[in-house]
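As structure tokens, the structure follows; a few thoughts come after it.
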Amino acid sequence: SKTLTERFTLDGGVSFRRVDDASDEGTYNRDVDRYYATGTLDEFLDDQNVFALTGSYWDGDGRDHWAWGADFTRDFTEDLEGAIGTFYSLYKIDSETGSEREDVRVYYTRIDYDIAEGWNTDLSYEYEDSDVGNFYTLRAKLSWRF
């Protein structure tokens with residue numbers, strides 16, 4: 001990560017996932033590489049907004065794929081934040097069913113509200129377009145930090 005100006009930061013990374021024995025490759029267990037760079041602009045349009053744009057290159061199981069993602073986050077008040085965005089994953093595990101999906105594009109929106117000291121609520125919605133169909137997820141979370 002490198003802050004290039006007072007408002008612009010560039011992040012980059014690489015992740016490698018390797019299977020020791022090629023015979024072990026399969027669902028949930030794949031060789032895959034991901035290279036990415038994210039540019040983040042603070043105070044986008046005004047001082048309450050942050051915009052991030054990500055470019056990534058996926059190399060897995062002989063499949064090469066260029067992808068992009070974006071996130072727009074706004075602080076509405078000191079206690080209320082909202083975000084909207086999209087991202088891509090060559091492989092994604094569904095945390096609810098444990099199933100694996102491929103070529104997944106997710107569009108999301110999220111609202112995060114600090115209710116009171118130590119109490120927070122988070123409401124999010126995701127629309128997922130993948131190789132096996134479209135999925136919709138609505139999550140509501142209430143947290144108490146003590």
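Throughout, residue positions are numbered sequentially from 1 according to the sequence presented.
- The stretch residues 43-57 participates, sequence neighbours left out, in these salt bridge (Lys or Arg N to Asp or Glu O under 4.0 Å) pairs: D46-R74.
- Cluster membership for W144 and L123, using ILVMFWY side-chain heavy atoms within less than 4.5 angstrom, is not shared.
- Minimum heavy-atom separation, T54 to R34: CG2-NH2, 4.1 Å.
- Sorted by first and then second residue, the ring pair (Phe, Tyr, Trp, His ring centres under 6.0 Å) pairs involving residues 95-118 (not counting sequence neighbours) form an empty list.
- A donor-acceptor pair is defined here as one N or O able to donate and one able to accept, closer than 3.5 Å; such a pair exists between the side chain of D131 and the backbone of E102.
- The hydrophobic cluster containing L138 does not contain V104, counting ILVMFWY residues as joined when their side-chain heavy atoms lie under 4.5 angstrom apart, directly or transitively.
- Atom OG1 of T121 is separated from atom CG of D112 by 8.0 Å, given to the nearest 0.5 angstrom.
- Atom OG in S56 sits 12.5 Å away from atom OH in Y35 (nearest 0.5 Å).
- Although no hydrogens or angles enter the test, the distance criterion places no donor-acceptor pair under 3.5 Å between the side chain of R7 and the main chain of L41.
- By the 4.5 Å heavy-atom criterion applied to side chains, E81 and R110 are counted as neighbours.
- Applying the ring-ring contact (aromatic ring centres under 6.0 Å, His included) test to F44 and every residue at least two apart in sequence or in another chain returns F51.
- Residues meeting the ring-ring contact (aromatic ring centres under 6.0 Å, His included) test with Y125, sequence neighbours left out: none.
- With a 4.5 Å cut-off between side-chain heavy atoms of Ile, Leu, Val, Met, Phe, Trp and Tyr, the cluster of Y91 takes in V32, W58, Y88, L90.
- Here Q48 contributes atom CD and D42 contributes atom CG; the two are 11.5 Å apart, rounded to the nearest 0.5 Å.
- The main-chain N or O of K2 is never found under 3.5 Å from a side-chain atom of T9 such that the two would form a donor-acceptor pair.
- Looking at residues two or more places apart in sequence or on another chain, you find no ring-ring contact (aromatic ring centres under 6.0 Å, His included) involving W68.
- Under the 4.5 Å side-chain heavy-atom criterion for grouping Ile, Leu, Val, Met, Phe, Trp and Tyr, I115 is connected to L80 within one hydrophobic cluster.
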One pair to check against side chain to side chain contact (heavy atoms under 4.5 Å, CB included): N120 and R145. What are the steps and the verdict?
CA-CA 8 Å; N120 174 272; R145 291 181 292 278; 3.8 Å; yes
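- Both L142 and I111 belong to a single network of hydrophobic side chains, linked directly or stepwise wherever heavy atoms of I, L, V, M, F, W or Y lie under 4.5 Å apart.
- Partner of Y127 under the ring-ring contact (aromatic ring centres under 6.0 Å, His included) criterion, out of Y136, F87, F135: Y136 alone.
- Judged by distance alone, the side chain of T109 and the main-chain N or O of A83 form a donor-acceptor pair under 3.5 Å.
- Residue L10 forms a side-chain contact (heavy atoms from CB on, under 4.5 Å) with just one option from T3, L4, T38, T40, and that option is L4.
- Follow the hydrophobic side-chain contacts under 4.5 Å out from I84 and you reach L53 in the same cluster.
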